[in-house]
Amino acid sequence: MAFPDLTYLESNATLPQDSIMEKGIRIADLFGTESGFVGKKVVVQGWVRTKRDSKAGISFIELNDGSCLRSLQVIAGLERPEYAEVLPKITTGSSLLVEGELTSSPGKGQSVELQADRIQLYGWADPAVYPLQKKRHSFEFLRQIAHLRPRTNTLGAAARVRNRMSFGLHRFFQERGFHYINTPIITASDCEGAGEIFRVTTLDPAQPPADGNPYESDFFARPAFLTVSGQLQAEIYALALGLVYTFGPTFRAENSNTSRHLAEFWMVEPEMAFYDLEDNLRLAQDCIKEMARIMLNECAEDLEFFARFIEPEVRSRLETVAESPFEIVPYTDAVDILKKSGEKFAFPVEWGGDLQAEHERYLTEKVFKRPVGLINFPRSLKPFYMRVNDDEKTVAAMDILVPGTGEIIGGSQREERLDVLLEQMKIKGISPDDYKWYVELREFGSVPHSGFGLGLERLVQFVTGIPNIREVIPFPRTPGHAEF
RNA sequence: UCCCCGGUAGCUCAAUGGCAGAGCGGGUGGCUGUUAACCACUAGGUUGGCGGUUCGAGUCCGUCCCGGGGAGCCA
């Protein structure tokens with residue numbers, strides 16, 4: 001047994017024969033360099049999507065290993081006596097190793113196929129109870145079998161695209177000199193977002209401390225929560241390393257049941273020293289454009305699938321985003337445009353009020369037909385940390401809206417002036433004592449800085465056209481749902 | 001949390017208050033370089049739960065549970 005790349009202790013020098021896995025080639029690599037493998041003997045491993053039997057001569061097995069959307073057609077000649085036992089057990093969902101020669105295919109639908117010399121069944125799947133069929137399932141049904149749904153075309157493609165987007169985001173920021181910072185999951189900052197937050201405690205709710213301050217006996221000796229954003233901590237490192245980003249899970253305990261919200265989601269949050277709102281907008285635009293290009297260029301096969309079966313518009317939207325500059329619209333102008341549009345909205349538009357989802361969609365999908373960066377919102381609508389503009393009525397906030405998905409980015413230039421920050425905290429009813437460290441950043445070497453948050457799941461929804469956010473995260477957490 | 005729609009076979013869905021159905025999937029047999037394969041036969045049901053109206057309820061009423069869409073919150 002030779003493992004030139006591994007060193008074992010003497011006692012483990014020989015492993016049992018059956019612990020040695022054969023390493024097959026990924027089906028994506030077979031298709032990626034088709035001509036190079038034709039006529040060669042290869043080993044593949046994967047799961048059976050379908051099998052079509054020809055009692056007269058051969059069986060056709062569609063084998064998928066998840067490396068790409070396409071399955072490999074395996075040809076099993078029935079003349080081999082050893083197949084008599086294994087072929088009947090090859091059912092949809094079962095797992096196989098197949099060895100054979102890759103040949104060009106005489107049939108329609110695929111350029112190459114594998115002539116099986118040897119078939120090894122890893123695990124059988126009982127067709128009477130295996131839930132995935134050779135047909136289209138509803139997303140609602142697939143959510144109930146989240147342990148099997150990545151074996152479907154749509155969910156598998158979504159997982160691959162999510163991976164490319166995650167990697168693409170890291171690459172985008174790393175190429176620009178950003179440092180990846182891990183901000184805490186558990187935090188004691190409880191009022192940064194107005195929304196509901198998850199409590200972190202080791203106390204037993206069935207047996208709370210009898211009296212006194214319950215937190216004294218709790219793990220952190222104070223109230224603690226799951227983070228709703230890494231921004232405030234990212235600012236600390238931006239004011240030391242210049243360009244930083246966080247990329248991690250985020251938690252919101254809102255009782256919101258929509259196709260765009262999760263209780264646990266992933267967010268990338270860049271934070272940049274010496275960036276004003278315009279720099280911030282430029283970076284956000286470059287980032288979204290780069291993600292659109294990655295989808296178009298590096299996920300072509302999965303994109304083709306989404307365009308065909310999920311959302312016909314997805315490709316043209318991506319091309320528009322990749323090519324055209326974003327429309328930057330001050331909030332005040334947006335209100336004017338909406339008021340003069342003559343469009344009948346369910347909610348009236350008034351300066352000082354939040355724009356409704358219908359207003360945002362109208363702007364990005366009807367008026368401008370491309371991504372829109374809304375900036376300079378009324379001060380009263382936005383959190384304390386956003387920088388107050390010279391008019392003292394608005395803050396240097398920005399929301400990026402994209403056609404089809406709506407808000408995908410929220411960000412701002414941060415308030416770096418100590419006196420203005422303290423005034424903002426007072427207006428918003430936030431105690432500087434609870435944010436002593438945040439205030440001190442303005443006392444010691446404060447600089448102008450900016451940042452934004454980009455929701456990974458919203459991004460994946462945007463580039464795939466998948467309508468419900470619960471399909472673009474492997475294990476969705478929503479009110480009443482934490483299975484798997 | 002609010003508004004709307006829905007819950008019937010493993011899945012996707014039909015069924016004027018009057019016999020519980022189809023397609024797909026499963027099983028059996030047949031046929032074929034097949035590819036959403038095809039043909040025949042066959043098994044498969046507490047119509048989400050509870051209560052009510054009625055001679056009779058999948059259908060009407062009440063209530064609860066679950067799911068979806070929209071809204072709000074936001075990523």
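In the text below, chain A, chain B and the rest are named by the order of the sequence lines, each starting its count at 1.
- Tyr385(A) places none of its side-chain heavy atoms less than 4.5 Å from the side chain of Glu415(A).
- Rounded to a whole Å, the CD1 atom of Ile469(A) is 14 Å from the C1' atom of C73(B).
- Using a 4.5 Å cut-off on side-chain heavy atoms (C-beta onward), Val42(A) and Leu114(A) make contact.
- Each of A75(B), G69(B), G72(B) was ranked by its minimum atom distance to the side chain of Gln356(A); first place goes to G72(B).
- The stretch residues 138-152 of chain A touches RNA chain B through Ser138(A), Glu140(A), Phe141(A), Arg143(A), each having a heavy atom within less than 4.0 Å of the strand.
- Across G69(B), C11(B), A75(B), the shortest atom-to-atom separation from the side chain of Asn468(A) is found for G69(B).
- Following rounding to the nearest Å, Asp354(A) (CG) and G72(B) (P) show an atom-to-atom distance of 9 Å.
- Residues satisfying the side chain to side chain contact (heavy atoms under 4.5 Å, CB included) criterion with Thr103(A), sequence neighbours excluded, are Glu101(A), Glu113(A), Gln115(A).
- Side-chain atoms of Gln110(A) lie closest to U34(B) of the nucleotides C74(B), U34(B), A71(B).
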Dot-bracket encoding per residue of RNA chain B, Watson-Crick/G-U cut-off under 3.5 Å, | denoting interstrand: (((((((..((((....[..)))).(((((.......))))).....(((((..]....))))))))))))....

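- Looking at heavy atoms from C-beta onward, Ile409(A) lies out of side-chain contact with Asp399(A) at the 4.5 angstrom threshold.
- Spacing between atom CZ of Arg52(A) and atom C1' of U35(B) amounts to 3 Å, rounded to whole angstrom units.
- Checked by atom type, the side-chain pair Glu457(A)/Gln461(A) shows no donor-acceptor distance below 3.5 Å.
- Side-chain nitrogen and oxygen atoms of Arg252(A) include none within less than 4.0 Å of the OP1 or OP2 phosphate oxygen of C74(B).
- One C1' atom belongs to U35(B), the other to A43(B), and the distance between them is 28 Å to the nearest Å.
- Between the side chains of Tyr245(A) and His170(A), at least one donor-acceptor pair of N or O atoms lies under 3.5 Å.
- Phosphate proximity of A36(B) to Arg49(A): absent, as no side-chain N or O sits under 4.0 Å from OP1 or OP2.
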Sort me out a list of protein N/O and nucleotides 42-50 of chain B N/O pairs below 3.5 Å, or just none if empty.
none

Using a cut-off of under 3.5 Å, enumerate the N/O to N/O pairs linking the protein to nucleotides 24-26 of chain B.
from	atom 1	to	atom 2	distance (Å)
G25(B)	O4'	Gln133(A)	OE1	3.3

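- Applying the salt bridge (charged side-chain N to carboxylate O under 4.0 Å, His left out) test to Glu264(A) and every residue at least two apart in sequence or in another chain returns nothing.
- Thr152(A) pairs by the side chain to side chain contact (heavy atoms under 4.5 Å, CB included) definition with Leu132(A), Leu142(A), Leu155(A), not counting sequence neighbours.
- If you take atom P in C55(B) and the same atom in G44(B), they sit 35 Å apart, rounded to whole Å.
- Residues forming a side chain to side chain contact (heavy atoms under 4.5 Å, CB included) with Asn468(A) (at least two apart in sequence, or on another chain): Arg143(A), Ser259(A), Arg470(A), Glu471(A).
- Legend: residues meeting side chain to side chain contact (heavy atoms under 4.5 Å, CB included) with Thr464(A), ordered by chain and number and at least two apart, are Val161(A), Met295(A), Phe306(A), Val460(A), Ile466(A), Val472(A).
- Phe198(A) and Phe251(A) have perpendicular rings, their planes meeting at more than 60° on a 0 to 90° scale where under 30° would count as parallel.
- One atom, CD of Glu407(A), and another, P of G72(B), lie 12 Å apart when rounded to the nearest Å.
- For RNA chain B, the residues of residues 358-366 of chain A within the heavy-atom distance limit of 4.0 Å (strictly under) are Arg361(A), sorted by number.
- Nearer to the 5' terminus of RNA chain B, by closest-nucleotide assignment, is the contact made by Pro131(A) (compared with the other of Trp266(A) and Pro131(A)).
- Side chains of His449(A) and Gln413(A): no donor on one and acceptor on the other come within 3.5 Å.
- Look at CG on Leu454(A): it is 11 Å from P on A75(B), rounded to the nearest Å.
- Taking the P atom of each, G29(B) and A14(B) are spaced 35 Å apart, rounded to whole Å.
- With a 4.5 Å cut-off on side-chain heavy atoms, Ile294(A) and Arg171(A) count as touching.
- Contact of His137(A) with C11(B) (side chain to base): no donor-acceptor pair of N or O atoms is detected under 3.5 Å.
- Closest to the Thr258(A) side chain, of the nucleotides A37(B), G33(B), C73(B), is C73(B).
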Chi angles and distances behind the ring pair (Phe, Tyr, Trp, His ring centres under 6.0 Å) call for Phe247(A), Phe173(A): CA-CA 11 Å; Phe247(A) 193 178; Phe173(A) 289 112; 8.6 Å; no

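- Comparing the same atom, C1', in G21(B) and in G30(B) gives a spacing of 27 Å after rounding to whole Å.
- The backbone N or O of Gly123(A) sits less than 3.5 Å from a side-chain atom of Ser95(A), completing a donor-acceptor pair.
- Look at CE on Met398(A): it is 11 Å from P on A75(B), rounded to the nearest Å.
- Between the NE2 atom of His261(A) and the C1' atom of G70(B) there is a distance of 13 Å, given to the nearest Å.
- Residue pairs satisfying the side-chain hydrogen bond (donor to acceptor under 3.5 Å, both in side chains) criterion with at least one member in residues 360-383 of chain A, sequence neighbours excluded, are listed as follows: Glu327(A)-Arg370(A), Asn376(A)-Asn389(A), Arg379(A)-Glu423(A), Arg379(A)-Gln424(A).
- Between the side chain of Trp47(A) and the backbone N or O of Gly93(A), no donor-acceptor pair lies under 3.5 Å.
- Glu269(A) comes within 4.0 angstrom of nothing in the nucleic acid, heavy atoms only.
- Here the options are Arg160(A), Arg293(A), Arg164(A), the test is salt bridge (Lys or Arg N to Asp or Glu O under 4.0 Å), and the partner is Glu298(A); only Arg164(A) passes.
- Nucleotides U59(B) and G7(B), compared at atom C1', are 14 Å apart to the nearest Å.
- Taking atom P in both C5(B) and C60(B), the straight-line distance is 12 Å, to the nearest Å.
- Look at NZ on Lys89(A): it is 16 Å from C1' on G27(B), rounded to the nearest Å.
- Distance noted for atom C1' between G72(B) and G18(B): 46 Å (whole Å).
- Residues Phe326(A) and Val372(A) are not in side-chain contact: their nearest non-hydrogen atoms beyond the backbone lie 4.5 Å or more apart.
- Between Thr154(A) and Phe309(A), the closest side-chain pair of non-hydrogen atoms is not below 4.5 Å.
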Between protein and nucleotides 1-5 of chain B, what N or O pairs are separated by less than 3.5 Å?
from	atom 1	to	atom 2	distance (Å)
U1(B)	OP1	Asn255(A)	ND2	2.9
U1(B)	O4	Asn255(A)	O	3.3

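- No donor-acceptor contact under 3.5 angstrom links the side chains of Asn64(A) and Arg70(A), judged on distance only.
- Centre separation under 5.5 Å together with a plane angle under 30° holds for the ring of Phe265(A) and the six-membered base ring of A75(B), marking them as stacked.
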